[in-house]
Amino acid sequence: MKTLKTSVAVLLTLMTMACNSNQPKPTEQTTTLQGSVETGIQALRDYTLQDTITIGGRLYNYTCTLAHDETLPSIINPQGAEYYESQVCIAIRRDSTDVFKKVFHKSNLREYVPAQFLKNSTMVGVNYNFNKRDEDRSAFYFIITVGDPDVTSDMAYPLELKVATDGSYSLKKAENLETGPLSDGLTVEPREDAI
């Protein structure tokens, strides 16, 4: 009888381990949010983009990062969900020399974004502006986006950051952005008889 109980216990343990090993790990989830189970506060997923670009015949490396910051007060978005604030860091190097390095918070963008919108928003994205690169190869161009952190919302203010090779920079509202659909078929008009 003791052997039967031991065998059943071993079998249940193996079944539990097999079931748990088939569960996706948190890093494998397709969601773009992370957060704290203890506090219930959500956060956008942190990411880093790196690449090289040649300007004036010289090779530069840039890194742009979006990261949530738990040391700042959280925000409540228009839908009533609570999110950690995010920040954007952009760094540009030539050889072993820092040309530019700055952390941007939404407070740095007050003169470009309406105050009421800014109150319920956070930094939601950063990327290199490849469209602008094709027009002007004398400077670096990034798009920094402030918006509603809810992934279903399209309320956002994209801003263009222009960084000169001497490290000076300017910000302005981004205009004439060309973006592709999030997935194939989103730009296709539905048939009239579609339900």
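When a residue number appears, it is its place in the shown sequence, counting from 1.
Using cut-offs of 30° and 60° on the angle between ring planes, the pair Tyr62 and Tyr128 is parallel.
Atom CZ in Phe104 sits 11.5 Å away from atom CD in Gln87 (nearest 0.5 Å). Atom CG of Leu159 and atom CD of Glu111 lie 10.0 Å apart (nearest 0.5 Å). Interatomic distance, OG1 of Thr165 versus CZ of Arg94, reported as 7.5 Å (0.5 Å rounding). Distance check: Gln50 CD to Cys64 SG gives 9.0 Å after rounding to the nearest 0.5 Å. Taking CG of Asp51 as the reference point, atom OH of Tyr60 lies at 15.0 Å (rounded to 0.5 Å). From Arg93, atom CZ reaches atom OG1 of Thr63 across 9.0 Å, with rounding to the nearest 0.5 Å.
A donor-acceptor distance shorter than 3.5 angstrom exists from the side chain of Thr122 to the backbone of Ser86, with no hydrogens or angles considered. Between the side chain of Tyr47 and the main chain of Val126, a donor-acceptor pair closer than 3.5 Å is present. Formation of a donor-acceptor pair under 3.5 Å by the Asp98 side chain with backbone atoms of Phe100 is not found in this model. Without hydrogens or angle criteria, Lys106 side chain to Leu118 main chain gives a donor-acceptor distance under 3.5 Å.
Not counting sequence neighbours, the partners of Leu72 by the side-chain contact (heavy atoms from CB on, under 4.5 Å) test are Asp69, Glu85, His105. Every side chain to side chain donor-acceptor pair (under 3.5 Å) that Asp166 has, sequence neighbours left out, goes to Ser168.
Around the NZ atom of Lys101, the shell of radius 6.0 Å holds no more than 12 heavy atoms that belong to other residues, nucleotides or ligands.
Taking the side chain as every heavy atom from C-beta outward, Phe140 and Ile92 approach each other to under 4.5 Å. Side chains of Ile90 and Tyr169 form no contact here, defined as non-hydrogen atoms less than 4.5 Å apart. Inter-residue side-chain proximity for Tyr157 and Tyr112 is flagged as unmet; no heavy-atom pair is nearer than 4.5 Å. Side chains of Lys102 and Val163 form no contact here, defined as non-hydrogen atoms less than 4.5 Å apart. Contact annotation: the side chain of Gln42 never approaches that of Pro149 to less than 4.5 Å [non-hydrogen atoms, C-beta and beyond]. Phe142 has its side chain out of reach of Leu171: every pair of non-hydrogen atoms, C-beta onward, lies at least 4.5 Å apart. Residues Lys173 and Glu160 fail the side-chain proximity criterion, which asks for heavy atoms closer than 4.5 Å. Put simply, the side chain of Tyr83 reaches to within 4.5 Å of the side chain of Asp150, judged on heavy atoms.
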| task | Test Asp95 against Thr97 for side-chain hydrogen bond (donor to acceptor under 3.5 Å, both in side chains), laying out the working first. | result | CA-CA 6 Å; Asp95 301 323; Thr97 305; over 6 Å; no

| said: side-chain contact (heavy atoms from CB on, under 4.5 Å) for Leu49 and Asn127? Distances and angles first, verdict last. | reply: CA-CA 7 Å; Leu49 304 173; Asn127 204 341; 3.5 Å; yes

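Listed here is the closest heavy atom pair of Ala164 and Ala139: CA-CB, 4.4 Å. Shortest non-hydrogen contact noted between Met123 and Leu44 is O-CD1, 3.6 Å. Between Leu66 and Gly125, the closest heavy-atom pair is CD1-N, 4.1 Å. Of all heavy-atom pairs spanning Ile143 and Asn129, the tightest one is CD1-ND2, 3.5 Å.
One hydrophobic cluster, built from ILVMFWY side chains closer than 4.5 Å, holds both Leu161 and Ile55. Follow the hydrophobic side-chain contacts under 4.5 Å out from Ile144 and you reach Met155 in the same cluster. Note on Val103: it does not cluster hydrophobically with Val99, by side-chain heavy-atom contacts below 4.5 Å among ILVMFWY residues.
Of the N and O atoms on the side chains of Asp148 and Asn77, at least one donor lies less than 3.5 Å from an acceptor on the other residue.
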